[in-house]
J.: 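Before I ask anything, here is the structure I am working with.
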There are 2 protein chains.
Amino acid sequence: MTDRSVPPPADAGGAAEQTGVGGAAGAEPVTARGEAAGAEPVTARGEQTRKLILDTALRLFRERGYAQTTMRAVAKEAGVAVGNAYYYFGSKEHLIQEFYAETLVEHRGRAARVLATETDFAERLRGVLHAGVDTMTPSHEFAATFFKTAAEPTSPLSPFSAESSPTREASIALFREALTGSTAKVDPELRDELPELLWLAYMGVILYWVYDRSADQTKTRALINGVVPLIDRLVGLSRLRVLRPVTRDVLGLIRTLRQ
Amino acid sequence: MTDRSVPPPADAGGAAEQTGVGGAAGAEPVTARGEAAGAEPVTARGEQTRKLILDTALRLFRERGYAQTTMRAVAKEAGVAVGNAYYYFGSKEHLIQEFYAETLVEHRGRAARVLATETDFAERLRGVLHAGVDTMTPSHEFAATFFKTAAEPTSPLSPFSAESSPTREASIALFREALTGSTAKVDPELRDELPELLWLAYMGVILYWVYDRSADQTKTRALINGVVPLIDRLVGLSRLRVLRPVTRDVLGLIRTLRQ
DNA sequence: CTCGGAAGTTGAACGTGTTCGACACGGCGG
DNA sequence: CCGCCGTGTCGAACACGTTCAACTTCCGAG
């Protein structure tokens, strides 16, 4: 109903049953490449230290920004030695991977509200997108400074990387659900590919959001509200005879380009 | 004619007369903000030293990659002190701005070939896009390593930053020329905005190119060849009565979002 | 010719992320 | 009880980008 936000879930953890992916995303510590990823705690004490360092780091990131937060400061604030942080986290960047996971869980929780009640495709999509922005809003400044890290193709933090795969798939699942749970009639050929395309559009929204300097990122909200009807109309039009070849061309191109 | 490349210009410097922007892009040393930009050489000796440092840096970047190239290494290889490099270039990142400028000049030279002979819009656009990729191809690996730096919103290297403005405008001018020099009939409302949109699409192509791991970036070529007809068709369709409101919506949205 | 000052140049020093060899803890087999 | 060894912890040390106060070069006004 509102033009903007989706309220946060009362309990983010309890909202996971909505998606088919479930808890797989939040708890995948083992990296694809065994190198430089930091050790996994075995003891209870280790678990505690790890959590202490992580919480301290994320708090400082949000308070002072990513670049302004020193690993030494994190260590000092957490009351441990610098080397200890590197025992659990392969690098400063690796601390951010946790941030992704946390963000996804909250996004899922917020999106569940809309997905449970609404049936109109455009409205569902709008809800999921706004929910994503809602989730990230408190970290806007912080996100902008570390965004560059995620952009590097070879970085494990890249949304396209193998290391981000679980989180990415879970995120795509959100858009799949927005589609399948709706009353929208879609070209069957398009139906399978669309969720990934919507996720891609979401990445575009995030890209815009990161650069958005308007107060409270109002423009990003306008982007969402403006682009959703367009997508909705386009998806509807895709079944028209006239546009059939275009649809087919687009799908063909996408299949070719998928890496 | 060819499916791919546009041959390099015999003399990159001589091809500038094609655009309306002319030499403004290559020689705009003064930054919008006076801070941290490095000094401008006044004497001939200074000019020489600056060029020496820049050439050495770009060579090492291409040879070893951006991150692997130390400022100390650049200085040593150029036979000067570290501080000297910082006298001319505000930071390591500022060395890349120069790379942008060089790339633009060569892009312009390559594109001029197609723009001088072809009149079909799609073909002109295709030519400009391929020319851009041709220009960057030798630096593909290097580009991937520094790309993350350019992605950060606050970085002067961001293609959207004020500091990149001259280069960006010159680049947009290329697409404006691709349009105005063609026989394409475009919705007059769209005509003014389209070049910037095409440039945005070009940024998208570059984004894909940076991530493209296929041999010789074949997929990026496929992306261009596939997406150009789509754009061409869309532009043509924009004049249709049925799509008029959509066109208007898109334009309205874009005007709102322009920062 | 002289010499003042702008332009150019130097390299040590600072704060950063990260590494690494050494040390402390704690439970378990003997 | 002892010694062992894997887990956890430490902090000095390294290489990096960057800064800056001091120095050198050299042109042109007097």
Side-chain angles (χ1 to χ4, degrees), chain A residues 29 31 34-54 56-57 60-61 64-97 145-146 148-149 152 155-157, chain B residues 29-30 34-54 56-57 60-61 64-97 145-146 148-150 152 154-157:
Chain A
T31 56
E35 48 173 356
E40 211 50 37
V42 176
T43 15
R45 179 166 66 115
E47 194 71 54
Q48 197 175 342
T49 307
R50 191 193 132 96
K51 182 168 163 41
L52 174 65
I53 293 171
L54 178 58
T56 306
L60 291 186
F61 286 167
R64 317 178 182 177
Y66 179 71
Q68 284 68 43
T69 301
T70 301
M71 287 300 277
R72 284 170 178 81
V74 171
K76 189 172 186 179
E77 189 83 4
V80 300
V82 214
N84 203 357
Y86 281 92
Y87 180 74
Y88 293 107
F89 304 94
S91 72
K92 192 180 175 185
E93 299 187 3
H94 275 81
L95 282 163
I96 298 182
Q97 203 105 36
T145 64
F146 88 74
K148 67 164 189 177
T149 307
E152 193 190 18
S155 165
L157 280 151
Chain B
V30 180
E35 48 174 355
E40 211 50 37
V42 176
T43 50
R45 179 168 65 117
E47 195 71 56
Q48 196 175 344
T49 307
R50 190 192 133 96
K51 182 167 162 41
L52 173 64
I53 292 170
L54 178 59
T56 307
L60 291 186
F61 286 166
R64 317 178 182 176
Y66 179 71
Q68 283 70 41
T69 301
T70 301
M71 287 301 278
R72 283 171 178 81
V74 171
K76 190 172 186 180
E77 189 83 6
V80 300
V82 216
N84 204 358
Y86 281 91
Y87 180 74
Y88 292 106
F89 304 95
S91 73
K92 190 182 177 185
E93 301 188 359
H94 276 80
L95 282 163
I96 297 184
Q97 202 101 37
T145 67
F146 88 74
K148 68 163 188 177
T149 310
E152 193 189 17
T154 64
S155 166
L157 281 158

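Chain identifiers are assigned alphabetically (A, B, ...) following the order of the sequence lines, protein sequences preceding nucleic acid strands; residue numbering begins at 1 within each chain. Fair warning: this is a prediction, and the values are worked out from it, not measured in the lab.
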J.: Angle, rounded to 10°, between the helical axes spanning five pairs at each terminus of the helix from dC1(C)-dG30(D) to dG30(C)-dC1(D)?
T.: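 Between the axes fitted at each end of the helix from dC1(C)-dG30(D) to dG30(C)-dC1(D) lies an angle of 30°.
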J.: Mind listing the closest non-hydrogen atom pair of Val80(A) and Thr49(A) along with its distance?
T.: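 Answer, listing the atom of Val80(A) first, then Thr49(A): CG1-CG2, 4.4 Å.
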J.: When you measure from the side chain of Thr43(B) to the backbone N and O of Gly46(B), does any donor-acceptor pair fall under 3.5 Å?
T.: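 Yes.
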J.: Write down the distance between CD (Gln48(A)) and C1' (dT7(D)), rounded to a whole number of angstrom.
T.: 15 Å
J.: For Tyr66(B), is there any backbone N or O sitting under 3.5 Å from a side-chain donor or acceptor partner on Lys92(B)?
T.: yes
J.: Round to a whole Å and report the spacing from OH of Tyr88(B) to C1' of dT18(D).
T.: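 To the nearest whole Å, that distance equals 18 Å.
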J.: Respond yes when some side-chain nitrogen or oxygen of Thr43(B) is under 4.0 Å from OP1 or OP2 of dG8(C), and no when none is.
T.: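 So the side chain of Thr43(B) is within the cut-off, an N or O lying under 4.0 Å from OP1 or OP2 of dG8(C).
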J.: What's the NZ-C1' distance between Lys51(B) and dG8(C), to the nearest Å?
T.: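 These atoms are roughly 19 Å apart.
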J.: Checking side chain to side chain contact (heavy atoms under 4.5 Å, CB included) against Pro41(A), which of Glu47(A), Gln48(A), Lys51(A) comes through?
T.: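 When Glu47(A), Gln48(A), Lys51(A) are each tested with Pro41(A), the side chain to side chain contact (heavy atoms under 4.5 Å, CB included) holds only for Glu47(A).
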J.: Would you say Arg50(A) reaches dG8(D)'s phosphate, i.e. side-chain N/O to OP1/OP2 under 4.0 Å?
T.: no
J.: Would a 4.5 Å heavy-atom cut-off, applied to side chains only, mark Lys76(A) and Thr56(A) as touching?
T.: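 Side-chain contact under 4.5 Å: no.
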J.: Rounded off to whole Å, could you give me the OH-to-P distance for the Tyr87(A) and dC10(D) pair?
T.: 13 Å
J.: Quick one, give me the B/S/- string for nucleotides 12-17 of chain C, reading 5' to 3', where B means a protein heavy atom under 4.0 Å from the base and S means that only happens at the primed atoms, P, OP1 or OP2.
T.: -B--BB
J.: Is there side-chain contact between Leu54(A) and Phe89(A), with at least one heavy-atom pair below 4.5 Å?
T.: yes
J.: Starting from P on dA6(C), measure out to CZ on Arg45(B) and report it in whole angstrom.
T.: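 Rounded to the whole Å, the gap is 16 Å.
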J.: Once you round to the nearest 0.5 Å, how far does CD of Glu40(B) lie from OH of Tyr88(B)?
T.: 9.5 Å
J.: Just wondering, do Gln68(A) and Phe61(A) contact through their side chains at under 4.5 Å, heavy atoms?
T.: no
J.: Rounding to a whole Å, what distance do you find between Lys76(B):NZ and dG11(C):C1'?
T.: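 These atoms are roughly 14 Å apart.
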J.: Measure from the side-chain N and O atoms of Ser91(A) to the backbone N and O of Glu93(A), and report whether any donor-acceptor pair falls under 3.5 Å.
T.: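 Flag set: sc Ser91(A) to bb Glu93(A) pair under 3.5 Å.
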J.: The side chain of Ala81(A) lies closest to which of these nucleotides: dC10(D), dC26(D), dG8(D)?
T.: dC10(D)
J.: Think Asn84(A) has a side-chain N or O under 4.0 angstrom from the OP1 or OP2 of dG8(D)?
T.: no
